[in-house]
Amino acid sequence: MARSIAAGVASMVKLMFPNYNYLQIIEHIKATAISIDAKNPQYSGNLGTGRVDAYAAVSNEDVRSVTLNNYSYTDTNNDGVLDIGETIEISCEFLNVLKPVKNARVKARSMSLFKPQFIVSEVELGDLQTNDLKIPKDKFSFVVPENIPIDYTMDIEFFVTDDNGFCGRELVPFVFRPSYRTMDANNISVTFNSIGNIGFNDYSNNEQGKGFIYGNSQNLLFEGALMIGVSPYKISNVARGSNQSYKDLSFSTDNIFILKNPGNEAELEGMANFNDLSFLDGIGVDIKQTVYQFNEDGKKDFIICVYDIHNKSDNDFDSLFVGLFFDWDIGPSGANNQANFDDEYYFGYVQNVQIDTIPLAGVKMLSFQKLNYYAIDNDGNYRGDLGVYDGFSKEEKWLCISSGLKRKISNVTDASHVISAGPINLKKNDSTRIAFSLFSGYSVKELRENAYNSYITAKQFNLSEWQSTKLPTVNCIEATYPNPTYKNNVSISYNIIEKSNVNIDIYDSNGKFVDSILKNKSTFPGVYNIEFDTSYLTQGLYYVILNTGNGKCFSSFTLVR
């Protein structure tokens with residue numbers, strides 16, 4: 001109803017002032033509106049310019065409106081973060097939209113509970129003709145108050161007057177002490193907060209953060225969140241909850257996500273520590289999150305996220321699962337999206353199946369726990385499978401992080417997915433490490449290249465394992481143990497230096513083929529261990545042959561009965 005009335009008034013203004021452009025029509029209607037603040041004191045200052053007045057709009061020709069056309073700000077240490085005690089300077093550009101103004105001036109103020117300490121609160125604009133742009137020579141400046149809380153949004157009001165009175169009013173929101181930072185040191189720009197969210201800090205408004213941007217793309221991510229569980233009833237997480245309008249808030253922190261540039265290993269590193277110890281139903285874990293962003297050739301299209309989990313509870317966990325939930329929106333509103341799992345390179349990804357000019361987004365687990373993956377139709381319309389439009393319950397979250405490779409592909413719809421590690425055996429006071437990479441590209445082939453490069457980089461810098469192991473320098477069988485063995489199982493430790501199809505065969509002392517342990521197993525570079533059941537073998541000497549296609553190596557073990 002209100003929209004129709006406003007549109008009708010706009011038509012009348014255009015009829016009376018045919019030379020107006022669209023901005024002048026809007027500002028003319030705003031300038032002639034009737035304030036309703038006095039009738040709504042609890043919302044005073046938050047109701048715009050008021051109620052449209054058709055008669056005033058068409059009968060008043062002497063209307064003035066000066067608007068804030070653009071602004072920028074700097075802080076004391078130039079990191080873009082408005083923190084306690086810093087001096088903030090705001091440079092503004094004003095546009096006179098309607099009638100000329102004389103001796104115009106602008107006063108900055110705030111009605112916030114935590115009032116800024118203004119150093120310069122008023123600047124002169126002088127005389128402005130219609131459509132004049134002006135940047136005042138003076139900048140507004142204020143000191144951030146000491147008692148302002150984390151993630152506090154404060155509106156700064158710019159109030160414009162001239163010799164004849166009111167000329168305009170603009171409210172600009174500023175976020176103080178943000179607990180989130182955007183990492184943009186390579187082809188990816190992505191925001192992390194201090195409690196396990198990726199993309200945005202303020203689900204579901206999604207105004208605090210940039211989401212996930214690849215190159216010059218639009219934002220590709222609606223929601224990203226860490227989830228840690230030990231049962232269907234014990235899930236600590238920051239993903240949307242049973243009421244999908246609100247996220248669960250299991251984690252808390254006393255520290256703000258910080259950036260280090262350059263980092264110890266990467267071009268840019270981000271760090272945060274948080275825990276669920278104050279959460280009534282918390283598991284009892286402390287999490288150190290470290291994010292690595294490299295910028296060398298071959299490393300510009302991924303980010304590595306490392307989670308060091310410390311069990312501070314009084315319980316030993318034999319089935320801990322740690323995962324990431326992503327609701328990607330690849331294209332308009334996430335329509336025509338499909339979540340999928342790449343069986344060759346072991347990563348999950350989401351793509352728009354109708355528009356091939358939009359990047360795909362992928363997630364890979366880099367550490368060496370068992371992998372779980374679940375593709376989700378957000379609407380939940382497929383044969384009664386879970387969806388997230390109606391909320392994301394703890395039971396559903398547990399199903400997604402703990403069911404192995406349960407559902408590898410979604411329907412073509414608005415899609416999400418979960419990738420996780422587990423089950424993990426974590427005794428009290430022990431720690432473990434789980435690492436993931438986030439990457440993008442314009443084809444599955446590009447995703448595979450970036451998944452592989454992220455894996456190699458994680459190994460190169462010892463990011464993916466709690467007990468760090470560098471990449472090997474030669475293909476070989478490191479050990480077969482115990483040797484000699486009196487038991488039924490023999491462990492075979494082997495190294496791979498480049499991506500290969502690996503075969504491991506067993507021969508007896510006469511050179512007769514006995515068994516194949518691996519057959520053309522696609523394997524990334526790394527250090528591996530495999531168990532071989534010898535219960536059906538007779539006593540004697542056996543040879544283990546490793547064949548990568550680029551050469552063979554062997555070892556042996558003796559079986560004693």
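Around CZ of F114, the count of heavy atoms belonging to other residues, nucleotides or ligands within 6.0 Å exceeds 12. No more than 12 heavy-atom neighbours from other residues, nucleotides or ligands sit within 6.0 angstrom of NZ on K210. Counted within 6.0 Å of CD on Q218, heavy atoms from surrounding residues, nucleotides or ligands total 12 or fewer; the atom is thus considered open. Summarising the local packing, CG of N216 is surrounded by 12 or fewer heavy atoms from other residues, nucleotides or ligands at distances under 6.0 Å. Within 6.0 Å of NZ in K288 there are 12 or fewer heavy atoms belonging to other residues, nucleotides or ligands. More than 12 heavy atoms of other shown residues, nucleotides or ligands fall within 6.0 angstrom of atom CG in N78. The environment of Y389 atom OH is dense: over 12 non-hydrogen atoms of other residues, nucleotides or ligands sit within 6.0 angstrom.
Taking the ring centroids of Y180 and F200, they lie at or beyond the 6.0 Å cut-off. The six-membered or imidazole ring of F557 lies away from that of Y543, with a centre-to-centre distance of 6.0 Å or more. Aromatic pair Y494/Y528: centroids less than 6.0 angstrom apart. Ring pair Y345/F524: centre-to-centre distance below 6.0 Å. For H417 and Y373, the ring centers are positioned less than 6.0 Å apart.
Each of N411, D385, V412, D414 was checked for a side chain to side chain contact (heavy atoms under 4.5 Å, CB included) with D377, and the lone residue meeting it is N411. Of the listed residues (K364, K445, K499), just one forms a salt bridge (charged side-chain N to carboxylate O under 4.0 Å, His left out) with E344, and that residue is K499. Only one option out of L518, L546, V544 pairs with I492 in a side chain to side chain contact (heavy atoms under 4.5 Å, CB included); it is V544. Under the salt bridge (charged side-chain N to carboxylate O under 4.0 Å, His left out) rule, R448 has a single partner from D301, D343, D342, which is D342. The residue from I401, I309, I424 that alone fulfils the side chain to side chain contact (heavy atoms under 4.5 Å, CB included) condition with I228 is I309.
Put simply, CG on N483 and OG on S491 are 11.5 Å apart, with the number rounded to the nearest 0.5 Å. Rounding to the nearest 0.5 Å places CG of L249 at 9.0 Å from CG of N237. Atom OG of S443 sits about 7.5 Å away from atom CD of E449, to the nearest 0.5 Å. In this structure, the separation between NZ on K312 and CG on N275 is 7.5 Å, given to the nearest 0.5 Å. Between N475 atom CG and N495 atom CG the span is 8.0 Å, to the nearest 0.5 Å. For the atom pair S250 OG and I235 CD1, the distance stands at 9.0 Å (nearest 0.5 Å).
A distance-only check finds no donor-acceptor pair linking the side chain of S236 to the backbone of D276 [under 3.5 Å]. Remark: the backbone N or O of N501 is not paired with any side-chain donor or acceptor of N520 at under 3.5 angstrom. Between the side chain of Q293 and the main chain of D184, a donor-acceptor pair closer than 3.5 Å is present. Side-chain N or O atoms of N193 include none that pairs as donor or acceptor with a backbone N or O of I198 at under 3.5 Å. Checking side-chain atoms of S217 against main-chain N and O of I213 turns up no donor-acceptor pair under 3.5 Å. Put simply, the side chain of N425 never gets that close to the backbone of D318: no donor and acceptor are under 3.5 Å apart. No donor-acceptor pair under 3.5 Å is formed between the side chain of D308 and the backbone N or O of I287. Judged by distance alone, with hydrogens and angles left aside, the side-chain atoms of S516 form no donor-acceptor pair with the main-chain N or O of K519 at under 3.5 Å. Looking only at distances, a side-chain donor or acceptor of T523 sits under 3.5 Å from a matching main-chain atom of K521. A donor-acceptor pair under 3.5 Å is formed between the side chain of N352 and the backbone N or O of I330.
Residues V285 and S313 form no side-chain contact, since every pair of their non-hydrogen atoms from C-beta on lies 4.5 Å or further apart. Counting heavy atoms from C-beta outward, N429 and N311 have side chains that stay 4.5 Å or more apart.
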Under the salt bridge (Lys or Arg N to Asp or Glu O under 4.0 Å) criterion, do E265 and K260 qualify, and how do the steps go? CA-CA 10 Å; E265 307 290 355; K260 186 176 182 181; over 6 Å; no
Step by step, would you call E223 with R240 a salt bridge (Lys or Arg N to Asp or Glu O under 4.0 Å)? CA-CA 9 Å; E223 181 188 3; R240 70 186 72 181; 2.7 Å; yes
I would like to know whether K428 and D314 meet salt bridge (Lys or Arg N to Asp or Glu O under 4.0 Å); could you show each step before the answer? CA-CA 6 Å; K428 60 184 179 183; D314 295 326; 5.7 Å; no
Test side-chain hydrogen bond (donor to acceptor under 3.5 Å, both in side chains) on S437 and S454; report intermediate values, then the result. CA-CA 6 Å; S437 60; S454 69; 2.9 Å; yes
Show your working on salt bridge (Lys or Arg N to Asp or Glu O under 4.0 Å) between E267 and K299 and close with a plain yes or no. CA-CA 10 Å; E267 176 77 12; K299 301 177 182 178; over 6 Å; no
Test side-chain hydrogen bond (donor to acceptor under 3.5 Å, both in side chains) on D390 and Q244; report intermediate values, then the result. CA-CA 6 Å; D390 61 347; Q244 67 95 23; over 6 Å; no
Might you work through the ring pair (Phe, Tyr, Trp, His ring centres under 6.0 Å) test for W398 and Y233, ending with a clear yes or no? CA-CA 8 Å; W398 174 255; Y233 313 104; 9.1 Å; no
Let's go through Q289 and Y307 carefully: what are the C-alpha distance in whole Å and the side-chain angles of both, what is the deciding distance for side-chain hydrogen bond (donor to acceptor under 3.5 Å, both in side chains) to 0.1 Å, and is it a yes or a no? CA-CA 5 Å; Q289 178 189 37; Y307 299 93; 3.2 Å; yes
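A donor-acceptor contact closer than 3.5 angstrom links the side chains of N201 and Q208. Inspection of the T191 and T182 side chains reveals an N or O donor paired with an N or O acceptor under 3.5 Å. Counting only N and O atoms by type, the side chains of D533 and S535 include a donor and acceptor under 3.5 Å apart. A side-chain N or O of D151 and one of S179 form a donor-acceptor pair less than 3.5 Å apart.
In terms of heavy-atom proximity, L259 sits nearest to G270 at CD2-CA, 4.0 Å. In terms of heavy-atom proximity, F302 sits nearest to N450 at CD2-O, 3.9 Å. What you find for A421 and M365 is that their closest heavy atoms are CB-SD, 3.3 Å.
Applying the ring pair (Phe, Tyr, Trp, His ring centres under 6.0 Å) criterion to F347, with sequence neighbours excluded, gives Y349, F439. For the salt bridge (Lys or Arg N to Asp or Glu O under 4.0 Å) test, residues two or more places apart in sequence or in another chain that qualify with K300 are D297.
With respect to K397 and D248, a salt bridge is recorded, a charged nitrogen being found less than 4.0 Å from a carboxylate O.
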